[in-house]
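Report on one structure; see the data block that follows.
From a predicted model like this one, the values you see are computed outputs, not experimental measurements.
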Amino acid sequence: MAQSPITPRLADFAAWYQDVVLQGDLAEPAEIVKGCMVIKPNGYAIWELLQRELDNRFKATGHKNMYFPLLIPQSFLKKEAEHVEGFSPELAVVTIAGGKELEEPYVIRPTSETIIGHFFAKWIQSWRDLPMLVNQWANVVRWELRTRMFLRTTEFLWQEGHTAHATHEEAQEEVLRILDMYAEVAEDVMAMPVIKGMKTQSEKFAGALRSYSIEAMMQNGLALQAGTSHDLGQNFGKAFDVKFQNKEGQLDYVWQTSWGVSTRLIGGLVMSHSDDKGLVIPPKLAPVKSVLVPIYRKDEEKGAVLEAAHRMAKDIGAEVDDREGQSPGAKFFHWERRGVPIVLELGPRDLASGGIVLKRRDTGAKESVPQSELKACVETVLQTIQQDLYAAAKQRLKDNTVVANSIEAVELILGDVTAEKGGGKFVMAHLKDDPACDAKLKTFKATVRCIPQLDEYDGSGKCLVTGETVERRVVVAKAY
RNA sequence: CGGGGCGUGGCUCAGCCUGGUAGAGCGCCUGGUUCGGGACCAGGAGGUCGAAGGUUCGAAUCCUUCCGCCCCGACCA
């Protein structure tokens, strides 16, 4: 009996995560390039499915895809004071090109607000040019000190939406529309429940007026910021001189938004559903939804089994694992680690009985179903898996959300939590949106994840740090 | 940047202390027997031991310098 190549979650959650990503064949560290990874077919296929889900929604709401240069003149970053301060430490800069020192270095984009601001200024003159709704699928580079596959890599893939509007109200609507869209994809497609809310002033995007995010809870109780949507106000409009003439004939700066989700979502997906046996992928994002493993002993059986296997697999769109020289057992483990939602087993026994064995990846439950009902069965089970994964994640979020009424209580709950040991919670506490509060939490490495849009608790109360009355409880947690 | 670990066939590692013909398991190739939860037998291919310099008759092993990667913290989607 071979030993599992996957560290159990309870032993070391961070090691488990790495093992699952590697064994699930999602990605591997590039090694030759610091902090970067190679996304492998099984991982990239998930990204493509996510892209499709998101892209369809962007287009349905009037956004158009564009592509902007990877390299940005260094001076652009400096035009917005907060922005340059926020991003400077993590910039990769190109100083030599074509064998010559550049007069002005280029930065490799960490995000594209600045270069897009430049072009918006060129393209926008009138209120008739607004709203301008742009999205870009791209790679970005942020020289992070600490990287983890998918969750934080030096280079990562994402989409960044950039829009310009005539009024602040319109921009705010856009910001929240996108936030809702992100939450819908997270919950309905990824089966990953999220909390929608606003970031505190200390946690907001560098250069934004306000930032909103969706926050998910991983199995170790740590929070993962799964998507952000920023109300940029007129900050970038002013920095890049993006002016338009309104209906009254007056000049005004545009109101901008930006928003993004990244390949980090795949990390969230892994840490939401997978188990000690490996990857578990919700059916809507599974590159392979079902695999049929044929079983036979003798050559006489082989022909009949393979014929039936291919016929049935074709009918339901399953892949047949007819690799020679691998025992069925080895194949079961193979697909289990890769998170395929349904594995079907078909052997002489089934041919005789007219049944076929269907195994669910999430629960491990095995049942024999009549071959004639296979198609309907697979459909139903896939839907059930999708729902059950969401329900389980939702329940876990609920079970691990607690209320605290003093800063000591918050520290007691979160103080010892680490990504490795787990035990994290979402702590609902009354805290003012004040840098002093963020700083206080930082002493034990916790952060305000967001100020929830929806108050599911007891309304207003006194801030645990300043004593001032605040409207509602905020989500405090340790985060990735 | 601080702490820790590691660079030896594709992968995981042993060998280094005490210098003397480069090893194991897994994987891979060939043939055969197997096949309802990680099969077995036989044969085979595959390595300038991270790099440079030094000590030595002789270096994977000792010395010096450098490079890289991973993990843990501070920074962050």
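- The residue Gln225(A) sits close only to the backbone: its heavy atoms come under 4.0 Å of sugar-phosphate atoms, none of a base.
- Listed pair Ser327(A) / C35(B) fails the phosphate criterion, with no side-chain N or O lying under 4.0 Å from OP1 or OP2.
- A gap of 38 Å separates the C1' atoms of G50(B) and C40(B), to the nearest Å.
- Separating the P atom of G54(B) from that of C71(B) is a span of 36 Å, rounded to the nearest Å.
- A straight line from CG of Leu351(A) to P of C35(B) spans 17 Å, rounded to a whole angstrom.
- Across the P atoms, U8(B) and A52(B) are found 15 Å apart, a figure rounded to whole Å.
- In this structure, U61(B) forms no base pair with any nucleotide, since neither Watson-Crick nor G-U wobble geometry is met with both distances under 3.5 Å.
- Here, A60(B) and G73(B) have their P atoms 38 Å apart, quoted to the whole Å.
- A straight line from CD of Gln23(A) to P of C11(B) spans 15 Å, rounded to a whole angstrom.
- Distance noted for atom C1' between A22(B) and G68(B): 24 Å (whole Å).
- With a 3.5 Å ceiling on both atom-pair distances, G36(B) lacks any Watson-Crick or G-U wobble partner.
- Comparing Lys204(A) and Val357(A) along RNA chain B, the residue whose closest nucleotide (by nearest heavy atom) sits nearer the 5' end is Val357(A).
- Atom C1' of nucleotide G73(B) and atom CD of Glu420(A) are separated by 10 Å, given to the nearest angstrom.
- Residue Asp12(A) contributes atom CG, which lies 10 Å from atom C1' of C71(B) at whole-angstrom precision.
- Nucleotide C71(B) holds its C1' atom 12 Å from the CE atom of Met149(A), rounded to whole Å.
- Going from atom CZ of Arg297(A) over to atom C1' of C35(B) covers 7 Å, rounded to whole Å.
- Donor-acceptor pairing under 3.5 Å is lacking for the side chains of Asn220(A) and Trp16(A).
- Here Tyr480(A) lies out of heavy-atom contact (under 4.0 Å) with every strand.
- Residue-level contact check: Phe205(A) touches neither bases nor backbone, having no heavy atom under 4.0 Å from any strand.
- A distance of about 47 Å separates the P atoms of U30(B) and U18(B), rounded to the whole Å.
- The C1' atoms of G32(B) and C16(B) are separated by 42 Å, rounded to the nearest whole Å.
- If you take atom C1' in C62(B) and the same atom in C28(B), they sit 37 Å apart, rounded to whole Å.
- As judged by a 4.0 angstrom heavy-atom cut-off over every strand, Gly267(A) is placed among residues making no nucleic acid contact.
- Here C75(B) is the nucleotide among G36(B), C75(B), C71(B) with the atom lying nearest to any side-chain atom of Lys442(A).
- Among the atoms of the strands shown, only primed sugar atoms or phosphate atoms (P, OP1, OP2) are found under 4.0 Å from some heavy atom of Arg148(A).
- Backbone-only engagement by Lys445(A) is indicated by non-hydrogen atom pairs under 4.0 Å involving sugar-phosphate atoms exclusively.
- G43(B) is paired with C29(B) under the criterion used here, namely a Watson-Crick or G-U wobble arrangement in which both key atom distances are under 3.5 Å.
- Proximity note for Tyr296(A) (side chain, C-beta onward) versus A39(B), C35(B), G36(B): the nearest is C35(B).
- Using a 4.0 Å heavy-atom cutoff across all strands shown, Leu224(A) reaches no nucleic acid atom at all.
- As the counterpart of C69(B), G5(B) is assigned, both hydrogen-bonding distances of the Watson-Crick or G-U wobble pattern falling under 3.5 Å.
- In the set G36(B), G73(B), C70(B), the nucleotide with an atom closest to the side chain of Gln18(A) is C70(B).
- Figure legend. U12(B) is base-paired to A24(B); pairs are counted as Watson-Crick or G-U wobble with both atom distances under 3.5 Å.
- A donor-acceptor pair shorter than 3.5 Å cannot be found between the side chains of Arg396(A) and Gln219(A).
- The separation between Asp25(A) atom CG and C11(B) atom P is 15 Å, rounded to whole Å.
- Residue Tyr106(A) qualifies as open at atom OH: its count of foreign heavy atoms under 6.0 Å is 12 or below.
- Within the nucleic acid shown, Pro328(A) comes within 4.0 Å of at least one base atom, counting heavy atoms only.
- No hydrogens or angles considered: nothing links the side chains of Asn135(A) and His162(A) as a donor-acceptor pair under 3.5 Å.
- With no hydrogens or angles considered, a side-chain donor-acceptor pair links Glu174(A) and His63(A) at under 3.5 Å.
- Within the 4.0 angstrom heavy-atom criterion, no nucleotide atom of any strand lies near Val293(A).
- Looking at residues two or more places apart in sequence or on another chain, you find a ring-ring contact (aromatic ring centres under 6.0 Å, His included) between Trp158(A) and Phe156(A).
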Give the intermediate values and the outcome of side-chain contact (heavy atoms from CB on, under 4.5 Å) for residues Val476(A) and Leu414(A).
CA-CA 9 Å; Val476(A) 180; Leu414(A) 294 176; 3.8 Å; yes
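- Nucleic acid contact for Thr153(A): base, since at least one base atom lies under 4.0 Å from a heavy atom of the residue.
- Map Asp299(A) and Arg142(A) each onto its nearest nucleotide of RNA chain B; the residue landing nearer the 5' end is Asp299(A).
- For Arg337(A), taking side-chain heavy atoms from C-beta onward, the closest of the listed nucleotides G36(B), G38(B), A74(B) is G38(B).
- We find that CD of Gln326(A) is positioned 13 Å from P of G36(B), with the value rounded to whole Å.
- Counted by atom type alone, Arg109(A) and Thr111(A) present zero donor-acceptor pairs between their side chains at under 3.5 Å.
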